[in-house]
Amino acid sequence: MTTERYNARDAEPRWQRLWDEQAIFTTKNDDPRAKYYVLEMFPYPSGRIHMGHVRNYTMGDVVARSMRARGYNVLHPMGWDAFGMPAENAAMQNKTHPATWTYANIAAMKKQLKSMGLSLDWSREIATCDPSYYKHQQRMFLDFLGAGLVERKQSKVNWDPVDQTVLANEQVIDGRGWRSGALVEQRELTQWFFKITDYAQDLLDALDTLDRWPDKVRTMQRNWIGRSEGLRFDFGLVGAPRGFDTLPVFTTRPDTMYGPTFAAISPDHPLAKALADTNPGVTAFIDECHRMGTSQAEIDTAEKLGFDTGIKVTHPADKDWTLPLFIANFVLMDYGTGAIIGCPAHDQRDLDFARKYNLDVIDVFVPEGSDERVKNVAFVPAKTDTVRYVQWVGTPDSVMTCGEAMKQSLDIFVKDGWGTREVNFRLRDWGISRQRYWGCPIPIIHCEICGVVPVPAKDLPVKLPDDIEFDRPGNPLDRHATWKHVACPQCGKDARRETDTMDTFVDSSWYFARFTDPWNDNAPTTPKVANHMMPVDQYIGGVEHAILHLLYSRFFTRAMKATGHVGMDEPFAGMFTQGMVVHETYRKQDGSFASPAEIDIVADGDARRATLIGTTETVEIGPIEKMSKSKRNTVDPDDIIGTYGADTARWFMLSDSPPDRDVIWSEDGVQGASRFVQRVWRLVSAAAPHLPPPGTISAQEADDAATALRRAAHQTLSDVLTGIERLRFNTAIAKLYTYVSTLQDAVDGPLKSATPAYAAAAREAFDILVLLLAPMVPHLAEECWAAIGQNGLVSEAQWPAVEAGLLVSEQMTLPVQVNGKRRAEVTVARNAEIPQIEAAVLALDAVKQALDGKPVRKIIVVPQRIVNVVG
RNA sequence: GCCCCCUUGAUGGAAUUGGUAGACAUACAAGACUUAAAAUCUUGAGUCCUCUGGGCGUGCCGGUUCGAGUCCGGCAGGGGGCACCA
């Protein structure tokens, strides 16, 4: 018998059209069933999807389709993170308007996503660059402002003098602008900030409740928030300018309070600035500090520099104990109070500084059982290490851990009123101002008389002007002839619009909430709907967003709650970070890279050799790396879908590699997936003529063969279900491979001359096969569903319940160990009593032989697991 | 420097979370079918030995346990995050 090959190119568009026509993936907010919200991080419309998208969206689609098959009202939307610099860069290069470029890219990528057969509700599509989206964002900005969650303040920024824009830290490479190559300057600019630090403690504490997030992401956020607890106290000042009576300091090591030999302030400290007014030497030193680079290499190698102010500080514990006050280049203004207490013995930076400026070194503690004093390496033991304290506020010669001493010291200092317990965070407020055109305008008007005036709600949205020029660097909005000129809403006099736009991370901090009711024209959300559909039950995306996007979204959701737009704190109940798609690299003789499409690979025994297609030039097979244009190791999803079909691409993305690890894209792997698709089609085609009509129920008095088949079907149903539930798609797929083999044996043998009971079992078994394949390879599954005589769409079909009774058998085969080594097997009734099992085991020849006449000391029987005989 | 994670055949990985290590897949080899190739099907394979059996084996060393890939301590290698954060 011959079967036509499964033709994905014919079948896939056909089913996609049908799904579309019947709108089966459209979600109703008032559906009475339990909701399940699946979301993948929405893409930036760069123009083409890449393999990383294919992997991300395939995983999300498997979750969405399987939850739908399990009876949930699934929300699975898609949109576009559409603001950002690439659109402006394209505008400069190609003289196209950013909007034109962006919307053309959206159209192209939407077509690509549709070709993947994703079960998305396109009726909820949003683009963040659309005024119908960003007007709500502007409204929330004003709400946040009213709630005290937004503030305007001066801050230091990276300024690119050529492009005339602020650069994010990531855009500064070796101290130069990533586009212009110009040396980046530090500038003080007035910027808008979201006060994320107001929520620092809450954002930290709530991480403990996110038990469906990867530990890695939670740890990264914990470190980023960077809570530290310590002592805040005031130094007295002697000889300081008027107005400076005390100097507040924060330290996390109160146990070292009896070991300082100097104090230091940041070059940006108000006191340093005050000194600079009268002392040119201070001015020169501060300037020198500012000229120092901020790149990693420069910081690593930078010498500790200090300027002795001549001022003395007095120790809080003893007014007669004075220390010199320096201005030091390594003290940061924006952490703690911008001033430090220098304890050289137990801080390497302080020690370097002390040695350079000939300051004393006082040992506070020494290693237990030693009297070794610090020389050129500071003694900085772990908090849990035990040391002997020789110079501290507690009992002399105490032996304890640093952590314990820190706690005791803090208690004493606080009790005696020398200082207060204080918590500091590494987390900074979120600066959102960008000197860019293609972003959400900040809805503020600056009036010379009224000051900072919010745009009235009725005037929203503040729309970007369409007529815009990109002929010069800098912010085109600021240069626009008319846009920024506006009447003050309060006094009516001439005023000026804010020309900065918002960081694009703002756009992506609430899109998941907007998806719940994107049709609401009057408000960002419909709280009743948002509170029903949120939080996102399963969010999937790249680990590169583990900190910023996820932390900003967590903050934004809290701010939305505070302003009445949603009712929850946490937007994502379940989070999953998927691995990258990686590929071999190929290097030609001249050192340049070749793309996979240009390469011919031949097996040479166990080795593989690559040549340039159409030539004899051998190509070096290089390391496996993340797909990137520069390494030319990308594979175009369009090509793969065109050649093999979407199902093959989807199947390959799910198999082999665990989803949180990198997957190696290989031609062999794709072909393996493609072979599987054909194999399933052949199997189902061969079985179809032998299957009784849909709905045929397995007879009560099923024979052994029929029961065995049903057992396999329900075991697979159970395994695949839990595999998907735990997002372990690779193991779910392995079970499906095994199941297909089982069914192949059935088709090759018993099914040809089946009893009614067996045929009925086979009907059930094939229904289950197709149902389980549907989330992964939906087009093939639809084709198979029709082939086995089912009406309707498998995409809409429900999975049967697992019959638990079929998962346990009457007889069990247990491995038998003698002294921990496997020697035999024993088959017993599943509910056999332990003494019966022991007797059966001891009767085994292999056990007797392995015991070699030694008496049995003990038998461990783990019911339904294993037996171990100890001799 | 600080914090976190990983290490299992030729390769990607599996292992009911302390209970038969190597499922499933890829690659490889042999065979069947074919004029041939592809496709398909069958078979083989951790390693060593004195081979109907047995020893050894999850990066290395040690420990806990009847039993360890899994738990504990130490070491090595690889990866990631943060970083002049007091």
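Throughout, a chain's letter reflects where its sequence line sits, starting with A, and its residues are numbered from 1.
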Among [options], which is the nearest nucleotide to the side chain of [X]?
{"X": "A:R428", "options": "B:C56, B:U16, B:C85", "value": "B:C85"}
{"X": "A:P658", "options": "B:A83, B:G13, B:G19", "value": "B:G13"}
{"X": "A:P815", "options": "B:U20, B:G19, B:A83", "value": "B:U20"}
{"X": "A:I866", "options": "B:G12, B:U20, B:A86", "value": "B:U20"}
{"X": "A:R823", "options": "B:G13, B:G81, B:G55", "value": "B:G55"}
{"X": "A:D656", "options": "B:C85, B:C82, B:A25", "value": "B:A25"}
{"X": "A:L332", "options": "B:A86, B:C3, B:A83", "value": "B:A86"}

[X] side-chain N/O to [N] phosphate OP1/OP2 under 4.0 Å:
{"X": "A:N730", "N": "B:A14", "answer": "yes"}
{"X": "A:R661", "N": "B:G13", "answer": "yes"}
{"X": "A:R675", "N": "B:A27", "answer": "yes"}

What is the distance from [atom1] of [X] to [atom2] of [N], rounded to the nearest Å?
{"X": "A:M653", "N": "B:G12", "atom1": "CE", "atom2": "P", "answer": "18 Å"}
{"X": "A:R679", "N": "B:A38", "atom1": "CZ", "atom2": "P", "answer": "19 Å"}
{"X": "A:K858", "N": "B:C66", "atom1": "NZ", "atom2": "C1'", "answer": "5 Å"}
{"X": "A:W665", "N": "B:U26", "atom1": "CH2", "atom2": "C1'", "answer": "14 Å"}

Reading nucleotides 43-48 of chain B from 5' to 3' and marking B where a protein heavy atom lies under 4.0 Å of the base, S where only the sugar-phosphate is that close, and - otherwise, the string is ------
I want to check something: taking the side chain as every heavy atom from C-beta on, are [X] and [Y] in contact at a cut-off of under 4.5 Å?
{"X": "A:E422", "Y": "A:N424", "result": "yes"}
{"X": "A:V818", "Y": "A:R823", "result": "yes"}
{"X": "A:V581", "Y": "A:V635", "result": "no"}

* Check the angle between the aromatic planes of A:F353 and A:Y357 and answer parallel, tilted or perpendicular using the 30° and 60° thresholds. => tilted
Fill in: Geometric class of the A:F285/A:F307 ring pair [parallel <30°, tilted 30-60°, perpendicular >60°]
tilted
Just to be sure I understand the rule, does [X] reach a base, reach only the sugar-phosphate, or reach nothing, if contact means heavy atoms closer than 4.0 Å?
{"X": "A:V870", "value": "sugar-phosphate"}
{"X": "A:T252", "value": "sugar-phosphate"}
{"X": "A:V380", "value": "nothing"}

Mind listing the residues from [range] sitting with a heavy atom below 4.0 Å of RNA chain B? Number order is fine.
{"range": "residues 731-741 of chain A", "result": "A:T731, A:A734, A:Y737, A:T738"}
{"range": "residues 714-729 of chain A", "result": "A:R728"}
{"range": "residues 341-356 of chain A", "result": "A:R349"}

The complete set of side-chain hydrogen bond (donor to acceptor under 3.5 Å, both in side chains) pairs with one or both residues in residues 859-871 of chain A, sequence neighbours excluded, reads none
Given Watson-Crick and G-U pairs under 3.5 Å, RNA chain B in dot-bracket ([ ] crossing, | other strand) is (((((((..(((......[....))).(((((.......))))).((((...))))..(((((..]....))))))))))))....
How far apart are the closest heavy atoms of [X] and [Y], and which atoms are they?
{"X": "A:H315", "Y": "A:P260", "result": "CD2-CG, 3.9 Å"}
{"X": "A:W224", "Y": "A:L551", "result": "CD1-CD2, 3.5 Å"}
{"X": "A:P775", "Y": "A:R650", "result": "O-NH2, 2.9 Å"}

Legend entry - Salt-bridge criterion met for A:D215 and A:R218 (N-O under 4.0 Å): yes
Residues passing the ring pair (Phe, Tyr, Trp, His ring centres under 6.0 Å) test with A:F413, sequence neighbours excluded, are A:W418
Taken in chain and number order and not counting sequence neighbours, the residues that satisfy ring pair (Phe, Tyr, Trp, His ring centres under 6.0 Å) with A:W392 are A:Y389
Is the number of heavy atoms from other residues, nucleotides or ligands within 6.0 Å of CZ (A:R9) greater than 12?
no
By nearest-heavy-atom nucleotide on RNA chain B, the more 5' of A:Q817 and A:G336 is A:Q817
On RNA chain B, more 5' by nearest nucleotide between A:S657 and A:N868 is A:S657
Sorted by chain and number, sequence neighbours left out, salt bridge (charged side-chain N to carboxylate O under 4.0 Å, His left out) with A:D360 holds for none
Applying salt bridge (charged side-chain N to carboxylate O under 4.0 Å, His left out) to A:K356 and not counting sequence neighbours gives A:E303
Residue pairs passing the salt bridge (Lys or Arg N to Asp or Glu O under 4.0 Å) test with at least one member in residues 726-740 of chain A, sequence neighbours excluded, are A:D719-A:K735
Taken in chain and number order and not counting sequence neighbours, the residues that satisfy side-chain hydrogen bond (donor to acceptor under 3.5 Å, both in side chains) with A:R428 are none
